[in-house]
Amino acid sequence: MWGLVRLLLAWLGGWGCMGRLAAPARAWAGSRGHPGPALLRTRRSWVWNQFFVIEEYAGPEPVLIGKLHSDVDRGEGRTKYLLTGEGAGTVFVIDEATGNIHVTKSLDREEKAQYVLLAQAVDRASNRPLEPPSEFIIKVQDINDNPPIFPLGPYHATVPEMSNVGTSVIQVTAHDADDPSYGNSAKLVYTVLDGLPFFSVDPQTGVVRTAIPNMDRETQEEFLVVIQAKDMGGHMGGLSGSTTVTVTLSDVNDNPPKFPQSLYQFSVVETAGPGTLVGRLRAQDPDLGDNALMAYSILDGEGSEAFSISTDSQGRDGLLTVRKPLDFESRRSYSFRVEATNTLIDPAYLRRGPFKDVASVRVVVQDAPEPPAFTQAAYHLTVPENKAPGTLVGQISAADLDSPASPIRYSILPHSDPERCFSIQPEEGTIHTAAPLDREARVWHNLTVLATELDSSAQASRVQVTIQTLDENDNAPQLAEPYDTFVCDSAAPGQLIQVIRALDRDEAGNSSHVSFQGPLGPDANFTVRDNRDGSASLLLPSRPAPPRQAPYLVPIELWDWGQPALSSTATVTVSVCRCQPDGSVASCWPEAHLSAAGLSTGALLAIITCVGALLALVVLFVALRRQKQEALMVLEEEDVRENIITYDDEGGGEEDTEAFDITALQNPDGAAPQAPGPPVRRDVLPRARVSRQPRPPGPADVAQLLALRLREADEDPSVPPYDSVQVYGYEGRGSSCGSLSSLGSGSEAGGVPGPAEPLDDWGPLFRTLAELYGAKEPPAP
């Protein structure tokens, strides 16, 4: 009990000097042999000599900052003090015997402001805790060792020009890393180092404001302001930092537009079409962007009729263009005024207006060669159809504006009148028909007439001439379509058979009404009733038409009411048929006639079947014969003893010079010099002929036949080319057989027969050929 009291008294003594840094802890159990509660709450008896350490302290190390002491320590050296926690053993060390705490190095509060440590007293011999561990804090005391800094600098700000005094521009903020709760180390004051007298800064908040009125962007657009922040309340000895603020004056529409000159002069040729640019005008405005956009207008009505002005895509220049065609001969110059106005006007700056300006403009029209001008932009002429060629249609007129007395030549462009229906008189410009016109074939003719100056063919102009062909009653009415109808043999008298419609190719004025008239008289088989609406009804008369095999041909006369009236006759075919009770056709009279003759449907089918079978047999027979012939031809081709081959390919004749080189086939012997005497023409039939020597015939029929055909070919004067040399090519040289052609058997050049070929020496394979050409018959074997 007395030990607890002593601890409490020691604790109270320590608190009175230094203060308490730890919460109460549990007391130890009662003394031995005395019963009591196992746990009691008590206060520690630490005695502290120091709670703070000054940052950046540069004294001798280690520096004593405090002392730990417990009333358990009797000074006998049995108590050992331990220190754990943040920085224990490195930053802070403790004397185990005395409890003195030292700091081993200088501390920076901006890096760490305080350290949390645990202190405990233990028995030196057994390391048994004599007191529970207690937590305490060592705070680093701040000094003014950090200057203010601007983390967001440098700054850029914008303020409208012509702003009032005190207009807020931007707020700058500096930060001081020192402890704001201790002294004035972090108390900042803002001042302007550079930028006066245009701007000022609030010392406490750092808000930058304008200091003078009417700052003009056109005079100075950008300002550089230097702001300083100083700690220690701005007093001497405080640390400072600075930053820059770039202030840009934004534009407002405070300047009206102004033309740099009062008079503008332009020139334009008279041939310039609408929309041609004449010139540019620019009113100067020192403002920027939308504040410098302008609109231009022509004030005088005289100029606005011939010219127009608009603003370009950038909204700065005025574009003066031609509005309507100009004529040097009628007017040579124009004078008017142009106004330029700002499109966006700020009411706050109306006192600086007016925001517009006016300049004078003079435009001179220059003369230029002009093509002929027609009296009309387009011509519309009419001509009746069926008029004789040469009928006057109308006249086209054009004149040279530069020289009215200059002659003009007229012509029709060929592509506009491909059928050559019209002609134009070159000097007068009168248009006439060149062929009869048919309105039903073509109503409108679109011509393009070209007018050209005789003095300068390059000066030409065109005009469109539309000619309408007027209608005349020249087409007789006709049926709208061919009518081929029928009537039942059981039809009642007066029954409608067909509605017939007429067509008149003339215009509606000439074909407004078409009349019909059918066959008249008591013997008429059908009646035609005019409906007076361009149609007629074909009716069955009271007396039915007698049935017959051939159809009835009903003549109908049609005429119109034009001037003059035209008429035509058409025919309607009507067949009398046998009908079913519902009115559908069962059969007409030609079919009934065939049935009465005894040819029923079954008989017709039998006849068709027989004919088809016969055709199939004929086709089969022809196919078998063709197959047999092909087989024989193959065998003949395989016979190696055959020497004569038949070719079915026909050449291109004399004119075919692409297939082969004809010179390679020419007979070189044909170029040999002719025999003495007059030259013989090869391209005509010889007039004098020498009789050929008769040759002993071989087999009578074949030899006579060949001789007859050869004589006909040689003596026929109507068969070109009369065996001329250039027709028949050379067949080769070096063969002992010579030429096999029969063409050389006729008369040679000059009528002298050539020497006989020794056909007997060719061998037995050519025996028949030698016999055919009159050679001596070999002796019988």
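This is a predicted model, so every value here is computed, not measured.
Using a 30° and 60° split on the angle between ring planes, His69 and Tyr81 fall in the tilted class, from 30° to 60°. Between Phe259 and Tyr264, the ring-plane angle classifies as perpendicular under the 30° and 60° cut-offs. Classification of the Phe223-Phe199 ring pair by plane angle, with boundaries at 30° and 60°, yields perpendicular.
Of the possible polar contacts, none joining the Ser134 side chain to the Ala119 backbone as a donor-acceptor pair under 3.5 Å is found. Under the 3.5 Å distance criterion, the side-chain polar atoms of Glu221 are left unmatched by any main-chain donor or acceptor of Thr248. A donor-acceptor pair is defined here as one N or O able to donate and one able to accept, closer than 3.5 Å; no such pair exists between the side chain of Glu161 and the backbone of Leu249. Judged by distance alone, with hydrogens and angles left aside, the side-chain atoms of Asp312 form a donor-acceptor pair with the main-chain N or O of Gly315 at under 3.5 Å. When atom types are taken as modelled, the side chain of Gln464 and the backbone of Thr448 share no donor-acceptor pair closer than 3.5 angstrom. Here the side chain of Asn253 pairs no donor or acceptor atom with the backbone of Asp346 at under 3.5 angstrom. Between the side chain of Asp300 and the backbone N or O of Arg337 there is at least one donor-acceptor pair closer than 3.5 Å. Between the Ser70 side chain and the Ala121 main chain, no donor and acceptor come within less than 3.5 Å of each other. Between the side chain of Asp251 and the backbone N or O of Leu288, at least one donor-acceptor pair lies under 3.5 Å.
A heavy-atom distance below 4.5 Å is not found between the side chains of Phe355 and Asn291.
Separation of atoms CD (Gln114) and CD (Glu86) is listed at 8.0 Å; rounding is to 0.5 Å. Considering CD of Gln366 and CZ of Phe328, their distance stands at 9.0 Å, rounded to 0.5 Å.
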**OP:** Decide yes or no on side-chain contact (heavy atoms from CB on, under 4.5 Å) for Val207 and Val201, but give the supporting numbers first.
**Re:** CA-CA 5 Å; Val207 176; Val201 64; over 6 Å; no
Subject >> Derivation and outcome, side chain to side chain donor-acceptor pair (under 3.5 Å), residues Asn342 and Asp285 >> reply: CA-CA 9 Å; Asn342 279 134; Asp285 191 337; 3.0 Å; yes
**OP:** Step by step, work out the side chain to side chain donor-acceptor pair (under 3.5 Å) result for Ser250 and Thr158.
**Re:** CA-CA 6 Å; Ser250 61; Thr158 302; over 6 Å; no
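Under a cut-off of 6.0 angstrom, the local environment of NZ in Lys80 is crowded, with over 12 non-hydrogen atoms contributed by other residues, nucleotides or ligands. Gln261 CD: more than 12 foreign heavy atoms inside a 6.0 Å radius.
Side-chain contact, Asn164 with Thr167: no donor N or O sits under 3.5 Å from an acceptor N or O.
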